[in-house]
Amino acid sequence: MLKMSTLFLRTLRDDPADAEVASHRLLVRAGYVRRIAAGIYSWLPLGYITFRNIERVVREEMDAAGFQEVHFPSLLPREPYEKTNRWQEYGPDLFRLQDRKGGDYLLGPTHEEMFTLMVKGEYSSYKDLPLSLYQIQTKYRDEPRPRSGIIRGREFVMKDSYSFDLTDEGLSESYMKHRAAYVKTFDRLGLKYNIVSAMSGAMGGSRSEEFLAPCETGEDTYVLCEKCGYAANVEAMKTTVDPVDSSATPALQVVDTPNTPTIDTLVEVLNERFGGGFTGADTLKNILLVADGKTISVLVPGDREVDMKRLEANLPGVKEIRLFEDEDFAKNPALVKGYVGPQDAKNLGITLYADPRIALGTSWVTGANKQNCHALNVVNGRDFTVEKYIDAAEVKQGDACPDCAAPVVIDRAIEIGHIFQLGRKYAQALDLTVLDKDGKARVVTMGSYGIGVSRAVAAIAEQTYDEIGLCWPAEIAPAKVHIVATGKEDLPFDTAEEIATALENQGISVMLDDRRDASPGVKFKDAELIGNPIIVIVGKALVDGKVEIRVRRTGEKTEVALADAVSEVAKLLA
RNA sequence: CGGGGCGUAGCGUAGUGGCUAGCGCGCCUGCUUUGGGAGCAGGAGACCGGAGGUUCGAAUCCUCUCGCCCCGACCA
């Protein structure tokens, strides 16, 4: 039983100056967390109870799925990360340190290497697989910009699991088992979420899905089709456009278009010249980029921008990408800024990438590679050849769903879980093999699965808070019932304590506001701010032998006879 | 790393027209008060982020530095 008279808690009346997002603001005000440094937080009793409730749910569901818990250090030696090249690849995001002898160490940002090595150390037969291990561990990433309180910190707690299988089919099964366990976990946590297809990104591997909790302060943007349920991270959103017949399209024609270096100016001049009918969507935008030192061109319809995140996600293997700059134009006189077209790309040795909307046979207005000139009727497949189609154009609200063509909506969300099939990258690098039936060594294939445990505290807060404070689902609230005793006599305080004890005897956790010196107003405000789901008030109504029961979420109030208080509360929580 | 904002008591802030640093919340003592962040009286708590400089005199002006927040870049 948490007694407010002794609980280590001081709520704040004012919003902290350095907190912007609701979860951060309220978690600080209600005395759950305190900031220590940018992206680094301490948990106070209420916060830590809430945190552990989430951790408990996660652990129970992992165990129920048959995964086994292990625990690694956060402080790790360099070598394993050297072997997988991540000592380099992780770059400045990795917290590095040295011991007294000058040896290199790191604070683990994620533990693929350690899990792989642990399995390698114990198992060596196909008979041992499949296997799934997990840990709940503090992770360290020196984020370029920690933000939004505990949503994106530099130190955070993550549950990470890894599956080990001999075959791709086995990996798929392990993946689906984890997916199912995640569904159960997030349902129990009371989170609203969408499962969206994602890019496996820097971790390598194939199939990948993210669990996204929609909320305004989310930093991930995703696409949802309300008709068929298609959901994807914008980076993974697919566009499909069928080829068209271009046999009737007139020949390419170069026209003078003075002073039209932008799509807007071009459209204006075209409409003056040809009596209207042109829009930005009829033009072809050629974005020149330098990818790992090589010039490439990305073609998108003139009414869309290139989304650099999508572009990079769809150009795997490219490490560094930057815009073509004035000095690059100076070195390549054949390329005229503002009048670039794809027609000469082949001769110039420029690799052409195109958004799928630039389908085979489609006809465009684009630059003529000559100052103040554009070309009309430039046909893909006839006048230029695309090397590769990639999703690079920005996604807009209302774009066609790739599955059912209905308009999609764009929403923001917090990433609370990510599951993906890693494949053999780490097993290969660290030589994790098992002997197969035929006695031959085979490289194990792995899956990787994460849940942001500390982040879930903030995500749930974001999805449930209201104007007066936090508002937790019963499963994770610091206590299921918040009992407030008011008045100056002993009776309400004694009665409140009796009810509290009776509830606890039934396994219902209680926070009891037994402060004698606080006014009723203060106690009510605190109860609302703290956000336990049921509030019981023992005070005024006691003269009629009654207590008041309030539901925090709805604000609904009822008075019940003292004798029924415990059963009524239990009923509300059922 | 680029742009913007900000560092004054545990929290929120005033003071930037140069001279004893002010207020609210919280905290301590006493009395009163107890169904919506109580009242009165008294009190503790700040080397004004740090270093250097200008000046008779700096929270205030100048230089440097550290830290924090927001937008962007970046980011399982």
Side-chain angles (χ1 to χ4, degrees), chain A residues 9-21 24-25 28-29 31 34-40 86 89-94 108-112 139-149 151-154 156 158-162 198-205 208-212 217 219-220 233 235 308-309 312-313 320-323 414-420 422 447-452 455 468-469 484-493 513 515-529 535 537-543 547-548 550 557 559:
Chain A
L9 170 73
R10 192 107 301 158
T11 57
L12 303 176
R13 198 182 295 220
D14 300 309
D15 282 336
D18 62 355
E20 200 96 336
V21 302
H24 187 197
R25 224 177 57 227
V28 171
R29 269 194 63 200
R34 291 288 180 260
R35 194 183 64 77
I36 295 301
I40 303 176
R86 289 167 101 198
E89 274 175 12
Y90 235 98
D93 281 12
L94 198 60
T110 169
H111 284 73
E112 280 79 1
K139 308 286 184 181
Y140 297 86
R141 294 182 195 172
D142 194 359
E143 295 283 346
R145 180 150 91 86
R147 71 184 106 175
S148 310
I151 293 175
R152 176 170 293 271
R154 294 192 292 171
F156 57 98
M158 175 160 100
K159 187 287 304 175
D160 53 330
S161 331
Y162 302 85
M199 308 296 295
S200 37
M203 310 299 294
S208 171
E209 289 167 296
E210 287 170 348
F211 288 71
L212 297 184
T217 49
E219 48 182 5
D220 281 32
N233 190 300
E235 290 160 38
M308 292 303 280
K309 278 188 183 178
E312 285 177 35
E320 198 200 340
I321 196 156
R322 65 173 176 84
L323 287 171
I414 300 174
E415 181 184 358
I416 47 171
H418 194 166
I419 55 178
F420 56 100
L422 266 184
S448 167
Y449 318 89
I451 290 179
R455 178 180 278 186
I468 55 176
V484 175
T486 67
K488 48 184 169 181
E489 309 303 326
D490 287 342
L491 184 63
F493 289 86
D513 197 340
R515 291 175 295 178
R516 294 280 188 149
D517 51 354
S519 68
V522 170
K523 294 179 182 177
F524 295 149
K525 292 286 184 197
D526 276 348
E528 285 151 359
L529 179 62
I535 299 171
I537 298 157
V538 184
K540 213 166 62 174
L542 213 50
V543 294
V547 296
E548 183 180 326
R550 295 184 191 176
K557 306 175 185 182
E559 287 195 350

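Chain identifiers are assigned alphabetically (A, B, ...) following the order of the sequence lines, protein sequences preceding nucleic acid strands; residue numbering begins at 1 within each chain.
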Figure out the [atom1]/[atom2] separation between [X] and [N], and round it to whole Å.
X: A:Asp513; N: B:G36; atom1: CG; atom2: C1'; answer: 13 Å
X: A:Arg515; N: B:G35; atom1: CZ; atom2: C1'; answer: 15 Å
X: A:Asp526; N: B:C25; atom1: CG; atom2: P; answer: 16 Å
X: A:Glu235; N: B:C74; atom1: CD; atom2: P; answer: 10 Å
X: A:Lys309; N: B:C74; atom1: NZ; atom2: P; answer: 7 Å
X: A:Glu143; N: B:C1; atom1: CD; atom2: C1'; answer: 15 Å
X: A:Asp93; N: B:C74; atom1: CG; atom2: P; answer: 12 Å
X: A:Arg34; N: B:G26; atom1: CZ; atom2: C1'; answer: 12 Å

Could you tell me how far [M] sits from [N] if I compare only their [atom1] atoms? Round to whole Å.
N: B:C70; M: B:A76; atom1: C1'; answer: 25 Å
N: B:C69; M: B:A58; atom1: P; answer: 33 Å
N: B:C62; M: B:U55; atom1: P; answer: 16 Å
N: B:U33; M: B:A46; atom1: P; answer: 35 Å
N: B:C61; M: B:C19; atom1: C1'; answer: 15 Å
N: B:G45; M: B:U29; atom1: C1'; answer: 15 Å
N: B:U60; M: B:U8; atom1: C1'; answer: 12 Å
N: B:G12; M: B:G7; atom1: P; answer: 11 Å

Can you tell me if [X] touches the phosphate of [N], counting only side-chain N or O atoms and a distance under 4.0 Å to OP1 or OP2?
X: A:Ser519; N: B:A38; result: yes
X: A:Arg145; N: B:C71; result: yes
X: A:Lys540; N: B:G35; result: no

- Task: Please list, chain by chain and in numerical order, all residues satisfying ring-ring contact (aromatic ring centres under 6.0 Å, His included) with A:Phe211, sequence neighbours excluded.
- Result: A:Tyr182, A:Phe186, A:Tyr193
- Does any donor atom in the side chain of A:Tyr162 or A:Asp160 lie under 3.5 Å from an acceptor atom in the other side chain?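 Yes, because at least one side-chain N or O of A:Tyr162 sits under 3.5 Å from a partner of the opposite role on A:Asp160.
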Report yes if the side chains of [X] and [Y] come closer than 4.5 Å at any heavy-atom pair, otherwise no.
X: A:Lys540; Y: A:Thr486; answer: no
X: A:Phe420; Y: A:Glu210; answer: no
X: A:Val484; Y: A:Arg550; answer: no

Write down the protein N/O and nucleotide N/O pairs, taken from nucleotides 10-14 of chain B, whose separation is under 3.5 Å; answer none if there are no such pairs.
{"from": "B:G12", "atom 1": "OP1", "to": "A:Ala17", "atom 2": "N", "distance (Å)": "3.0"}

Dump the pairs, protein N or O against N or O of nucleotides 39-46 of chain B, anything under 3.5 Å, distances to one decimal.
none

- Query: When the nearest nucleotide of RNA chain B is assigned to A:Phe156 and to A:Val21 on a heavy-atom basis, which residue is associated with the more 5' position?
  - Reply: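 Taking each residue's closest nucleotide, the earlier one in sequence belongs to A:Val21.
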- Query: Taking the nucleotide of RNA chain B with the closest heavy atom to each, which residue, A:Gly39 or A:Gly452, is nearer the 5' end?
  - Reply: A:Gly39
Please name the pair of heavy atoms, one in [X] and one in [Y], separated by the smallest distance, quoted to 0.1 Å.
X: A:Ala527; Y: A:Ile535; result: CB-CD1, 4.0 Å
X: A:Glu235; Y: A:Lys309; result: OE2-CD, 4.0 Å
X: A:Ala485; Y: A:Lys523; result: O-NZ, 2.8 Å
X: A:Leu529; Y: A:Leu12; result: CD2-O, 4.4 Å
X: A:His418; Y: A:Glu209; result: CD2-O, 3.1 Å
X: A:Arg35; Y: A:Asp18; result: NE-OD2, 3.1 Å

At under 4.0 Å between heavy atoms, what does [X] touch on the DNA or RNA strands: base, sugar-phosphate, or nothing?
X: A:Arg516; value: base
X: A:Glu528; value: base
X: A:Glu219; value: nothing
X: A:Ala541; value: base
X: A:Arg29; value: base
X: A:Met158; value: base

- Query: Sequence neighbours excluded, which residues qualify as side chain to side chain donor-acceptor pair (under 3.5 Å) partners of A:Ser148?
  - Reply: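 A:Ser148: no side chain to side chain donor-acceptor pair (under 3.5 Å) contacts found.
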- Contacts of A:Asp14 meeting side chain to side chain donor-acceptor pair (under 3.5 Å) (sequence neighbours excluded), chain-then-number -> none
Closest to side chain of [X], choosing from [options]:
X: A:Arg35; options: B:C27, B:C75, B:C68; value: B:C68
X: A:Phe420; options: B:G26, B:C68, B:A76; value: B:A76
X: A:Arg147; options: B:G35, B:C69, B:A73; value: B:A73

- Query: Within 45° of the six-membered ring axis of A:Phe156 and under 6.0 Å from that ring's centre, is NZ or CZ of A:Arg455 located there?
  - Reply: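 No.
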- Dot-bracket pairing map - RNA chain B, Watson-Crick plus G-U, both contacts under 3.5 Å, | cross-strand: ((((((((.[[[[.)......]]]].((((((.....)))))).....(((((.......))))))))))))....
